[in-house]
Amino acid sequence: MLRDRLLQMLPEDDAAAESVEGLALTVTDLAPGDLGSWLADRAGQELGLDVAGRALQGGGDAWAVAIADESGTSVALDLATIDDADLEALGAWLADPAAPIAVHDAKTASHALHGRGLTLAGVAVDTLLAAYLCHPDQRTYDLGDLTVRYLQRELPTGVDAESDGMLDLGLDGDHSGARTAAARAVAVRELAEPLRTDLASRGATALMAQVELPVLATLVGMERAGIAADVAYVEGLAGEFDAAVERAALGAYEAIGHEVNLGSPKQLQEVLFVELDMPKTRRTKTGWTTDADALADLFARTEHPFLGNLLAHREAIRLRQTVEGLLKSVAPDGRIHTTFQQTVAATGRLSSTDPNLQNIPIRTAEGYRIREGFVVGEGYEGLLTADYSQIEMRIMAHLSRDEGLIDAFRSGEDLHRYVGSRVFHVEPAEVTSAMRAKIKAMSYGLAYGLSAFGLSKQLGISAGEAKGLMDDYFDRFGGVRDYLTGVVDEARGEGWTSTILGRRRYLPDLTSDNRQRREMAERMALNAPIQGSAADVVKVAMIGVTGELERRGLASRLLLQVHDELVLEVAPGEREEVTDLVRTQMGAAAALEVPLDVSVGFGRSWRDAGH
DNA sequence: AAATGCACGTA
DNA sequence: CGTACGTGCATTTT
């Protein structure tokens, strides 16, 4: 019946209507209750859903959703104008965890729906995520590309919906926007099957269903919650950093007797290597580097005041930039809502954008002050941070099954001290801080494919000493070396690496004739299982933490993930229970050969809660 | 206007 | 000659 009405509505000579294997109707054309009966008719069959619009920024109503069924019939809805009965029907369907549904981008859809009080509960397939898990070497997962690749046809376009992220639904006499939306929903539904087949063929079905889709739901909650900012404090910082920028710039100009754009590597090279005739630094593609390491080195040699001011300027301008970016990101609710990208990092890590909250300074005292600007929100008791200590080293111990490294973690002794005592043949108590620093650098470097040359550079020791250090290390921890070489060999044979949960990374360059590309791929192959497995563990922990918070009916919530750290906002009276729950869930996220150690901090700001 | 390179913050 | 990211500025290319 609905289909007949749709047919009547669309102009017969419209080419777009024929190329789309579905027909669209805007909700303003629906009689009340039509949507409900349409959905009821299709209960039990898989539907495809696509959402276009701006979910969080720029108003929650400026978006649309389209749903398609097996026959290619579809409904495009402008939720700004949908009537209450239909909204209710849609909500009931979306909130049914058993409803089989394929969504193009479930996170965006979820945000958009939340804006109208609807919850996307059951998602069978997220085509974006499935495509990511099928093709982690392919960096774009555009619905149009997927349609060409899997369905061997073009995704119909024709309206300007993509560019501004909005669909022009409900306009009198023009249903092109609705048709585009419908076409996308139809494609989504058709894509579900081939994507599921691909997922299964690489053994990623469980990873998708039990990790990626559940974690997607937690990301929606985290992004919506955001983290509170102390705007007045951060503005104060901005002023301070601003003054520091000015001061350093004036100092630099004075040191050379004229002004120069301190942000221009090209102009800096002119000053440093021509005007001041300083010794040449490392080469870059376009000249000589002016990075911080090189400048510090030049400063040590020449003690020229320009360099000190330049370094101070670099730091200050960076801090000002970070702080101003944060201020610009504060939403009307006084909080910063980042976006977590789930289909970007090749290893399976998350990334954070707009703003990136995974690279807030911590190492320098000045930068660390920025973390004081992230504070507990109104109605909550404090922020709690929980991080895994040395998770990548523990993963390496687990994967390599190296007895020495496993003993190190089981002993409870300080890791680098323990390893140092074995490498240097001394008692743990006799490991000096210099020895410990070398061991620490080497241990972390191993997971990145560090060479003896690289180690010598980083530690400022001779190549020979670095080589000896690595030999001594592998004498004691031979299992680690065997694992690292083995994992590369296996990847070369299979074509991919794999994490503890079966996430693959394909590395075709492992057999490249080009030595540089091949060796790069080898380091990636060595690192991907370690970094990726750690990412798996943290994702499982996030699901465990949010799940347990919900089961217990707690009001505390997860706000951020920074690779091996979780940040939560704790509701009044829940601190003890949440601390306990977080420790338990994070500790139980994976059963490794070694224990997972979690350290927890609490305070009013991210800085106070940090370690 | 878009792409590239450099520099630098985090894990 | 150490992995994984995102961002902003300057510079080059289109």
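The figures here come from the full heavy-atom set of this structure, side chains too, leaving out hydrogens, waters and symmetry mates. Numbers restart at 1 for each chain; the letters A, B, ... are given by sequence-line order, proteins then strands.
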Look at the side chain of [X] and decide which nucleotide, out of [options], has an atom nearest to it.
X: A:N356; options: C:dG6, C:dA4, C:dT3; value: C:dG6
X: A:S264; options: B:dA7, C:dC5, C:dA10; value: C:dA10
X: A:N527; options: C:dT3, B:dA7, B:dG9; value: C:dT3
X: A:A292; options: B:dG9, B:dC8, B:dA7; value: B:dC8
X: A:Q267; options: C:dT11, C:dC1, C:dG6; value: C:dT11
X: A:R523; options: B:dA11, B:dT10, C:dT3; value: C:dT3
X: A:F453; options: C:dC1, C:dA4, B:dG9; value: C:dC1
X: A:S451; options: B:dC6, C:dC1, B:dA11; value: C:dC1
X: A:P361; options: B:dG9, C:dG6, C:dC5; value: B:dG9
X: A:R505; options: C:dT3, C:dG2, B:dG9; value: C:dT3

Given atom [atom1] of [X] and atom [atom2] of [N], what is their separation to the nearest angstrom?
X: A:I395; N: B:dA11; atom1: CD1; atom2: C1'; result: 14 Å
X: A:E392; N: B:dA11; atom1: CD; atom2: P; result: 11 Å
X: A:K266; N: C:dA10; atom1: NZ; atom2: P; result: 13 Å
X: A:L450; N: C:dG2; atom1: CG; atom2: C1'; result: 6 Å
X: A:F241; N: B:dG9; atom1: CZ; atom2: C1'; result: 13 Å
X: A:D293; N: C:dG2; atom1: CG; atom2: P; result: 13 Å
X: A:L566; N: B:dT10; atom1: CG; atom2: P; result: 19 Å
X: A:L357; N: C:dT7; atom1: CG; atom2: P; result: 10 Å

Are OP1 or OP2 of [N] and a side-chain N or O of [X] less than 4.0 angstrom apart?
X: A:T289; N: B:dC6; result: no
X: A:N359; N: C:dC5; result: no
X: A:T284; N: B:dC6; result: yes
X: A:T290; N: B:dA7; result: yes

Should we say atom CD of A:E490 is surrounded by more than 12 heavy atoms from elsewhere, each under 6.0 Å from it? no

Below 6.0 angstrom between ring centroids: does that apply to A:H416 and A:Y444?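 Yes, ring centres under 6.0 Å apart.
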
Audit row: A:R417, A:M435, side chain to side chain contact (heavy atoms under 4.5 Å, CB included) steps and yes/no: CA-CA 8 Å; A:R417 184 168 292 280; A:M435 289 157 80; over 6 Å; no

So [X], base contact, sugar-phosphate only, or nothing? Heavy-atom distance under 4.0 Å.
X: A:M520; value: sugar-phosphate
X: A:I391; value: nothing
X: A:I362; value: sugar-phosphate
X: A:R314; value: sugar-phosphate
X: A:K457; value: nothing
X: A:Q321; value: sugar-phosphate
X: A:T322; value: nothing

Take atom P in B:dG5 and the same atom in C:dC1, then report the distance between them in whole Å.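 Between the two P atoms, the distance is 15 Å.
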
Let's test your reading of the model: under 3.5 Å, does the base of B:dA11 pair with the side chain of A:R349 as donor and acceptor?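 For A:R349, whose side chain was compared with the base of B:dA11, there is a donor-acceptor pair (under 3.5 Å).
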
Please determine whether any donor N or O and acceptor N or O are separated by less than 3.5 Å between the side chain of A:Q458 and the base of C:dG2. yes

When the ring planes of A:Y506 and A:W496 are compared, do they come out parallel, tilted or perpendicular, using 30° and 60° as the limits? tilted

Stepwise side chain to side chain contact (heavy atoms under 4.5 Å, CB included) check, A:L399 with A:I500: CA-CA 9 Å; A:L399 293 174; A:I500 54 176; 3.9 Å; yes

Check for me whether A:R481 meets the cation-pi criterion with A:F477, that is, NZ or CZ under 6.0 Å from the six-membered ring centre and within 45 degrees of the ring axis.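 The answer is no; the distance or angle limit is not met.
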
Taking side chain to side chain contact (heavy atoms under 4.5 Å, CB included) as the criterion, tell me which of A:T339, A:V220, A:L219, A:D105 meets it with A:H111. A:V220

